[in-house]
Amino acid sequence: MLSAASSVAPLAHPLPRAFFARDARVVARALLGCVLVHECATGEPRRSRIVETEAYCGPKDLACHARVGLTKRTRTLLGPEAHAYVFLVYGMHDCFNVTCLAEGEGHAVLVRAGEPTGGLEAGARLDGPGRFARAMGISRAHDGHELTRSPLYLLPPAARPARVGVSPRVGVGYAGDWAERRWRFFDADSPCVSRPPRSAIGRPR
DNA sequence: CATATGATTCCA
DNA sequence: GGAATCATATGA
């Protein structure tokens with residue numbers, strides 16, 4: 001027995017940087033079932049199984065923050081892949097995103113919901129991007145963190161979703177035709193998804 | 001400098 | 001249905 005190695009629990013290898021070096025739509029789907037781990041300063045690591053994501057695809061995508069070009073806010077989004085892009089929305093909620101593809105592309109995946117799998121209070125709710133980030137202890141302080149290493153990283157899926165739902169993204173009605181793209185993905189059998197599936201696109205007149 | 005606006009959540 | 005609440009982006 002390797003006593004030296006056993007003093008530190010061997011963790012599964014985090015998802016490699018190459019995992020994120022793909023189009024956000026591919027990564028968004030691939031992230032379903034993956035486990036996000038946050039090794040907080042105190043307590044056991046917080047873990048959750050990702051069950052809902054959205055893809056944002058660069059400057060051409062009018063729903064994507066990259067549409068405004070390189071600013072202080074979009075610096076991480078337009079930076080290299082495999083980094084945490086965390087921003088404040090509506091003046092009160094932090095949203096956790098994963099940068100994708102490559103530096104300068106502005107691709108990212110928003111994590112919208114998860115199932116608690118460890119280190120979280122019983123009954124913790126991780127449905128909705130604001131709640132997810134808050135429950136996981138993620139804030140703008142994590143913006144720019146490389147996600148391939150401690151304290152915040154992703155693990156391969158223990159259980160991939162049996163059925164993947166697809167729908168338009170939430171809250172991006174201002175983006176015109178881009179709002180109709182079905183770039184939201186979720187585990188159709190998870191009770192922790194932030195809102196019920198929609199087969200039709202809501203079109204307020 | 002002033003102001004409009006959200007990748008939301010909670011309450012009435 | 002509407003408020004809460006503020007960094008960012010944009011225009012004067």
Side-chain angles (χ1 to χ4, degrees), chain A residues 20 23-32 34 36 48 50-79 81 83-101 105-116 120-121 123-145 147 152 154 165-187 191-198 201-205:
Chain A
F20 306 95
D23 187 285
R25 289 161 291 189
V26 175
V27 177
R29 207 175 191 288
L31 277 176
L32 294 178
C34 292
L36 180 68
S48 61
I50 294 171
V51 297
E52 181 180 346
T53 58
E54 284 179 353
Y56 289 85
C57 299
K60 296 190 302 288
D61 175 6
L62 296 185
C64 181
H65 290 166
R67 69 183 180 276
V68 301
L70 184 59
T71 66
K72 192 163 189 177
R73 185 195 208 190
T74 60
R75 181 175 156 180
T76 302
L77 172 62
L78 288 164
E81 73 278 10
H83 289 250
Y85 169 45
V86 186
F87 62 87
L88 184 69
V89 71
Y90 298 129
M92 59 188 83
H93 299 295
D94 286 318
C95 290
F96 170 68
N97 301 249
V98 176
T99 59
C100 301
L101 195 53
E105 297 287 350
H107 278 224
V109 173
L110 168 67
V111 176
R112 290 189 52 90
E115 298 171 352
L120 294 157
E121 292 180 21
R125 293 183 60 184
L126 287 71
D127 55 319
R131 268 197 285 260
F132 179 86
R134 189 176 54 166
M136 288 297 294
I138 297 170
S139 73
R140 277 164 292 159
H142 297 89
D143 184 57
H145 170 75
L147 289 165
L152 187 63
L154 287 143
V166 181
S167 84
R169 294 170 291 183
V170 174
V172 297
Y174 59 86
D177 293 343
W178 294 91
E180 301 178 14
R181 304 290 183 104
R182 289 166 149 70
W183 288 351
R184 173 176 172 251
F185 307 90
F186 53 93
D187 181 339
C192 299
V193 168
S194 72
R195 53 180 67 191
R198 292 180 192 168
I201 302 170
R203 288 293 305 278
R205 173 166 40 89

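Convention: sequence-line order gives letters A, B, ...; per-chain numbering from 1.
Between A:Asp61 and the options A:Arg169, A:Arg67, A:His107, a side chain to side chain donor-acceptor pair (under 3.5 Å) holds for only A:Arg169.
The local environment of CZ in A:Arg29 is sparse, with at most 12 non-hydrogen atoms from other residues, nucleotides or ligands closer than 6.0 Å. Within 6.0 Å of CZ on A:Arg73 lie more than 12 heavy atoms contributed by other residues, nucleotides or ligands.
The shortest side-chain heavy-atom distance between A:Leu77 and A:Cys64 falls under the 4.5 Å cut-off. Counting heavy atoms from C-beta on, the side chains of A:Asp143 and A:Tyr85 come closer than 4.5 Å.
Listed candidates were C:dT5, C:dA9, B:dT9. Nearest to the side chain of A:Met92 is C:dT5. Residue A:His93 has its side chain nearest to B:dT9 when only B:dT9, B:dA7, C:dA9 are considered. Counting only heavy atoms from C-beta on, A:Cys64 has its side chain closest to B:dA7 among B:dA7, B:dG6, C:dA4. Listed candidates were B:dG6, C:dA9, C:dA7. Nearest to the side chain of A:Thr74 is C:dA9.
Taking atom CZ on A:Arg169 and atom P on B:dG6, their separation rounds to 14 Å, with Å as the unit. Remark: P of C:dA9 and OH of A:Tyr174 are 12 Å apart, rounded to the nearest angstrom. Rounded to whole Å, the distance from CZ on A:Arg67 to P on B:dT5 is 13 Å. Across the protein-nucleic acid pair, A:Asp143 atom CG and B:dA7 atom C1' stand 15 Å apart, rounded to whole Å. One atom, CZ of A:Arg140, and another, C1' of B:dA7, lie 15 Å apart when rounded to the nearest Å. Put simply, CG on A:Leu88 is 18 Å from P on B:dT5, counting in whole angstrom units. Per the geometry, CG belonging to A:Leu110 stands 16 Å off P belonging to B:dG6, to the nearest Å. Distance, A:Phe185 CZ to B:dA7 P: 19 Å, rounded to whole Å.
A 3.5 Å limit on both hydrogen-bonding distances identifies B:dA4 as the Watson-Crick or G-U partner of C:dT8.
By the criterion of a centre-to-centre distance under 5.5 Å and near-parallel planes under 30°, the ring of A:Tyr56 forms a stack with the base of B:dA7.
The side chain of A:Arg112 contributes an N or O atom lying less than 4.0 Å from OP1 or OP2 of B:dT8. Checking the phosphate oxygens (OP1, OP2) of C:dA9, a side-chain nitrogen or oxygen of A:Thr71 falls inside 4.0 Å.
Judged by closest nucleotide on DNA chain C, A:Tyr90 is the one of A:Tyr90 and A:Arg73 placed further toward the 5' end. Of the residues near DNA chain B, A:Val170 and A:Arg134, the one whose nearest nucleotide (by heavy atom distance) lies more toward the 5' end is A:Val170.
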